[in-house]
Protein chains: 2
Amino acid sequence: MISVGIIEDIKDLRDPLFEFISSRDEFLCNIAVESVEDFLEEVSKSDVPMDVILLDIGLPGISGLSAIKLIKDKLPDVSIIMLTVFDDSDKIFAAIQAGAVGYLVKNTPLDQIKQSILDTYNGGTSLSPEIARKVLEFFDKTKRNIESPLTEKEKQIVAGMVDGQSFKMIAANLGNTLDTIKSHAKNIYKKLQVNSKAEVIAKSFRGEI
Amino acid sequence: MISVGIIEDIKDLRDPLFEFISSRDEFLCNIAVESVEDFLEEVSKSDVPMDVILLDIGLPGISGLSAIKLIKDKLPDVSIIMLTVFDDSDKIFAAIQAGAVGYLVKNTPLDQIKQSILDTYNGGTSLSPEIARKVLEFFDKTKRNIESPLTEKEKQIVAGMVDGQSFKMIAANLGNTLDTIKSHAKNIYKKLQVNSKAEVIAKSFRGEI
DNA sequence: AACTGTATCCCCCAAAGGTGGGATTGTGAA
DNA sequence: TTCACAATCCCACCTTTGGGGGATACAGTT
């Protein structure tokens, strides 16, 4: 019997999933909650077994992405399958890196969801060709030049950010004024479509720059 | 037009493949040889284009496995698909690590081979669930769990930081005031011996938390 | 009972970061 | 030759962070 957990904020998706999984002899759905917070609370107070978790990638509050670490911290042996609305390969790849082992688009037929849970429980995983390729490219050090929209100068500044340096320090290291670095930072944010240093650092570590 | 190369020692497999690929408008089979040695010689003397290579994993002489490095050395941008007789996951995983992006069992229908070449050329890849899982386990940081000095609450706040959220957003998501989050952040910084959000994010991505 | 740590909040202030302009110079492509 | 863009700086304004206090409450340890 495979213990399955569901974390999905939309009731209209969560309930049918719960019904379906509960109705099957091979599955047991111990937990079906709307947030990561609720999930962590549930597993904390009662010592429920947990084999596979279906986790919405785009939850409000603690996002599904950051939840992976939190969950695996508590349940290191659980297999996490992400639920996504669209086939957002960047987010899915980030989830894979964080420790998820698969993903399902939300309108997947119930029968195939069943199969995915079984596959996952039996040590397999199902990835789309694009995601799998991204994962493989991560391995292939020979071809790690993802063409970045950033200029050399901008890359140097990003490197400083990733180092944990303040703009003042970066300016000093590169021999520029603070305003120059701030100006470059503005351009970097625009190019990467973010609006904080923190997001740039995160993107960089995910290999998205 | 996709340039395809074939390296396969068994004539009865190589010739039909060559026929099939040559007969298709979208493909061009420049090279169909029986050994890695022959292949390297061919590409050295003439400057043929090469997009995708079908490479037998169990060749006599230079094995397909060790050939991957040699080929990628000469043609860094080529995509290599391994041809195998059996579904030998250890060998395939080794090939993936060496830089191959996919594999095909030799009795695969020609039509599916066509599709795999197209997928591969378009930046995809097709892996079996077992292989994919093996690859994922290779970089699951959560499995090597470093004991963190942080409390549950603090970890949640770190997760928010890594998500690129401001303290204000984290406070809203966790149902606290801004000051509470700031207070926790101070403690986190003290424990981790850092003094900025940026450093916490970097540490987290390095798996140091 | 005293102590330690966690979680929750409050205040203040200074430093750092983000946003909106604007200016100049140079380079290389249309 | 325009035009775009990179790199350099400047100013002003506002928000966010970081550090320094402190308070209360509750848990578990010694």
Side-chain angles (χ1 to χ4, degrees), chain A residues 35-47 61-63 66 70 73-74 147-205 209, chain B residues 147-205 209:
Chain A
S35 74
V36 179
E37 292 88 332
D38 287 356
F39 178 83
L40 292 174
E41 207 190 309
E42 287 276 336
V43 294
S44 284
K45 67 182 181 193
S46 59
D47 204 18
I62 297 176
S63 76
S66 51
L70 297 173
D73 217 67
K74 264 208 156 56
E147 57 100 0
S148 162
L150 302 185
T151 65
E152 268 320 298
K153 189 75 185 185
E154 287 165 348
K155 281 179 199 164
Q156 287 177 15
I157 290 162
V158 169
M161 292 186 193
V162 171
D163 248 26
Q165 294 175 38
S166 68
F167 288 164
K168 198 190 274 186
M169 287 194 277
I170 296 172
N173 289 336
L174 299 182
N176 296 115
T177 63
L178 176 60
D179 273 308
T180 298
I181 304 301
K182 283 174 73 171
S183 180
H184 282 301
K186 276 188 270 190
N187 291 328
I188 293 168
Y189 295 170
K190 186 168 272 178
K191 284 183 181 177
L192 301 182
Q193 309 220 65
V194 299
N195 42 39
S196 77
K197 207 166 150 177
E199 292 171 84
V200 173
I201 296 170
K203 262 189 185 287
S204 169
F205 271 102
I209 302 179
Chain B
E147 31 68 44
S148 168
L150 302 184
T151 65
E152 267 320 297
K153 188 73 184 186
E154 287 165 348
K155 280 180 199 166
Q156 287 181 12
I157 291 162
V158 169
M161 292 186 192
V162 171
D163 247 26
Q165 294 176 37
S166 67
F167 289 163
K168 197 188 275 187
M169 287 194 276
I170 296 172
N173 288 335
L174 299 182
N176 295 116
T177 63
L178 177 58
D179 274 309
T180 297
I181 304 301
K182 283 175 70 174
S183 180
H184 283 300
K186 277 187 268 191
N187 291 328
I188 292 168
Y189 294 172
K190 187 169 269 180
K191 283 183 181 178
L192 301 182
Q193 307 221 64
V194 300
N195 41 39
S196 77
K197 206 166 151 178
E199 291 171 84
V200 173
I201 296 169
K203 262 188 185 291
S204 169
F205 271 104
I209 300 178

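This structure is a prediction, so every number in the text was calculated from the model and none was measured. Order of the sequence lines sets the chain letters (A, B, ...), proteins ahead of strands, with each chain counted from 1.
- The distance from atom CG of Asn176(B) to atom C1' of dT8(C) is 8 Å, rounded to the nearest whole Å.
- In this structure, of dG18(C), dC10(D), dT16(D), it is dG18(C) that holds the atom nearest to the side chain of Ser196(A).
- Between the Glu154(B) side chain and the Thr151(B) main chain, a donor and an acceptor come within less than 3.5 Å of each other.
- Among the protein residues, Ser183(A) comes within range of the nucleic acid bases, having at least one heavy atom under 4.0 Å from a base atom.
- At a threshold of 4.0 angstrom between heavy atoms, the contacts of Asn187(B) with the nucleic acid are absent.
- dA7(C) atom P lies 5 Å from atom NE2 of His184(B), rounded to whole Å.
- Atom pair Lys155(A):NZ and dA7(D):P shows a separation of 11 Å (rounding to whole Å applied).
- Residue Asn195(A) is in sugar-phosphate contact alone, with no base atom involved, counting any heavy-atom pair closer than 4.0 Å across all strands shown.
- Put simply, the side chain of Lys190(A) does not reach to within 4.5 Å of the side chain of Asn187(A), judged on heavy atoms.
- Across all strands, Lys186(A) comes closer than 4.0 Å to base atoms (heavy-atom distances).
- Rounded to 10°, the helix from dA1(C)-dT30(D) to dA30(C)-dT1(D) has 40° between the axis fitted to its first five pairs and the one fitted to its last five.
- No engagement by Lys190(B) is indicated, since no non-hydrogen atom pair under 4.0 Å with the nucleic acid exists.
- The distance from atom OH of Tyr189(B) to atom P of dA16(C) is 14 Å, rounded to the nearest whole Å.
- A donor-acceptor distance shorter than 3.5 angstrom exists from the side chain of Ser44(A) to the backbone of Leu40(A), with no hydrogens or angles considered.
- Between the base of dC9(D) and the side chain of Thr180(A) there is no donor-acceptor pair shorter than 3.5 Å.
- Each of Glu152(B) and Leu178(B) has a nearest nucleotide on DNA chain C; the 5'-most of these lies closest to Glu152(B).
- Across the protein-nucleic acid pair, Lys182(B) atom NZ and dC11(C) atom P stand 11 Å apart, rounded to whole Å.
- As a whole-Å value, the separation of Asp179(A) CG from dG20(C) C1' is 13 Å.
- The CZ-P distance, from Phe167(A) to dT8(D), rounds to 15 Å in whole Å.
- Whole-Å rounding puts the Ile188(A) CD1 to dT19(C) P distance at 13 Å.
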